[in-house]
Amino acid sequence: MKIISGNSNLPLTRAIAGYLELPVVDASVRRFADEEIFVEIHENVRGEDVFVVQSTSYPANDNLMELLIMIDALRRASAKRITAVLPYFGYARQDRKPGPRTPISAKLVANLITQAGADRVLSIDLHAGQIQGFFDIPTDNLFAAPVMSADILARFGNEQLMVVSPDVGGVVRARALAKRLNNAPLAIVDKRREKPGESEVMNIIGQVQDHFCIIIDDIVDSGGTLCNAAAALKEQGASDVVAYCTHGVLSGGAAPRIDGSQLKELVITDSIQATEAVKDAGRIRHLTIAPLLGEAIRRIADESSVSSLFD
Ligand code: R5P
């Protein structure tokens, strides 16, 4: 088994490799003067089971292209099996046509990764479970819920917890977390989004009065969804509001926006490498998913069960 990394999240790859007690494959990714990407793998991978770790986060297109070129290099170097490990799968939110004459870019990106030569995909908290079906190769979708629930119980286990889905689409994820939190009650935010990056809370379904609310979401991008939901929950009498999100996209001024919001805390994982602004944000805390990804990689290599990680 070999672990190789793109440039999007080297600290995470090193942590995964540390968990597996393996070195990261020596490779270089360079740019030509016109910004074309050139990849060179400096050690033999012939016949190896190779895991290439790359989040297609900001800059999404560069990181995606880097991933595709690395897969191509590995395939031409006769790797036996190539698994694209995508801690964050960018373009996932474009998983359906929101209107006429619009693309389904998540499917296009899945096709690109497959055509480049990936044999398998490993990701975590895909925006929608159905995205697994966009890949015609085996795709494992892990969940950060065990990491999050352990943290919630350790920090807030004595509170009167209520799990909140920030939109109707997140109810299944919220219910799964609530189950892990000793069957905590559930509330749902009725969110409307007229255009990308702007959301509005219409209603809250559930009695949140005097509850310690845990919002769970897959992605925090502008932070609008969480900040609006936190304000609405407080208005309805929630005692405190904390948010747990797997993927801290946190673009633009999201980090200061979180710091100035009604959220007591936002907890994200290291699926995306944090920018300086995110590291400096006083209310953003980080959990690592490196052991979870490392264990899943070990099990894929050993051909043992990955789903039993979540029993
Ligand atoms: C949407 O369906 C996702 O699950 C997130 O709620 C959304 O991407 C968050 O975006 P923002 O932070 O920009 O409101």
Side-chain angles (χ1 to χ4, degrees), residues 55-58 60 86-99 102 104-107 109 123-132 134 141-145 148 163-178 186-205 213-234 241-269 271-272 274-275 277-278 281 283-286:
S55 281
T56 49
S57 50
Y58 178 85
L86 300 158
Y88 173 65
F89 178 56
Y91 280 101
R93 285 174 285 180
Q94 295 187 49
D95 58 353
R96 63 193 176 283
K97 286 182 70 168
T102 55
I104 304 181
S105 307
K107 173 61 182 156
V109 172
S123 192
I124 181 161
D125 283 325
L126 284 168
H127 179 59
Q130 306 87 283
I131 293 171
Q132 270 182 301
F134 288 8
N141 180 26
L142 308 180
F143 308 103
M148 293 176 174
V163 176
V164 180
S165 173
D167 49 37
V168 175
V171 173
V172 172
R173 183 178 296 113
R175 196 171 287 136
L177 181 73
L186 196 68
I188 301 165
V189 177
D190 174 19
K191 174 180 96 174
R192 302 279 155 86
R193 195 189 282 283
E194 292 302 331
K195 48 182 174 172
E198 280 178 32
S199 65
E200 191 188 346
V201 173
M202 306 302 286
N203 285 301
I204 292 179
I205 305 161
C213 292
I214 307 275
I215 307 177
I216 167 106
D217 209 349
D218 58 328
I219 296 170
V220 46
D221 188 347
S222 66
T225 298
L226 293 183
C227 296
N228 293 342
L233 290 165
K234 287 289 260 207
V241 185
V242 168
Y244 280 73
C245 296
T246 310
H247 309 296
V249 173
L250 293 165
S251 26
R257 190 174 194 183
I258 298 287
D259 270 353
S261 76
Q262 303 261 23
L263 282 170
K264 181 184 170 74
E265 190 177 51
L266 164 65
V267 183
I268 55 173
T269 79
S271 68
I272 295 173
T275 60
V278 171
R283 292 207 200 156
I284 302 181
R285 189 158 59 82
H286 305 257

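Ligands are counted one by one from 1 in listed order, and the atoms in each one are counted from 1 as well.
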Here the atoms of ligand 1 under 4.0 Å from any heavy atom belonging to H127 are 1 (C), 2 (O), 3 (C), 4 (O)
From the list D167, N228, N203, side chain to side chain donor-acceptor pair (under 3.5 Å) partner of K191 resolves to D167
Legend entry - G223 heavy atom under 4.0 Å from ligand 1: yes
Within the 4.0 Å heavy-atom cut-off, what D167 brings close to ligand 1 is side chain
Over 12 non-hydrogen atoms of neighbours within 6.0 angstrom of NZ in K264: no
By salt bridge (charged side-chain N to carboxylate O under 4.0 Å, His left out), D190 pairs with (sequence neighbours left out) R192
For R93, the atoms of ligand 1 under 4.0 Å from one of its heavy atoms are 8 (O)
Hits for side-chain hydrogen bond (donor to acceptor under 3.5 Å, both in side chains) against E265, two or more places apart or cross-chain, chain-then-number order -> R285
Closest heavy-atom approach to atom 14 (O) of ligand 1 among D125, T225, I216 is made by T225
- Message: With a sphere of 6.0 Å drawn around CZ of R283, does it hold more than 12 non-hydrogen atoms of other residues, nucleotides or ligands?
- Response: yes
Quick look: D218 vs ligand 1, heavy-atom contacts under 4.0 Å, and the answer is side chain
For K191, the ligand 1 atoms with a heavy-atom partner under 4.0 Å come out as 6 (O)
Short version for D217: what comes under 4.0 Å of ligand 1, heavy atoms counted, is side chain
Separation between CG (D218) and CG (D125), nearest 0.5 Å, reads 7.0 Å
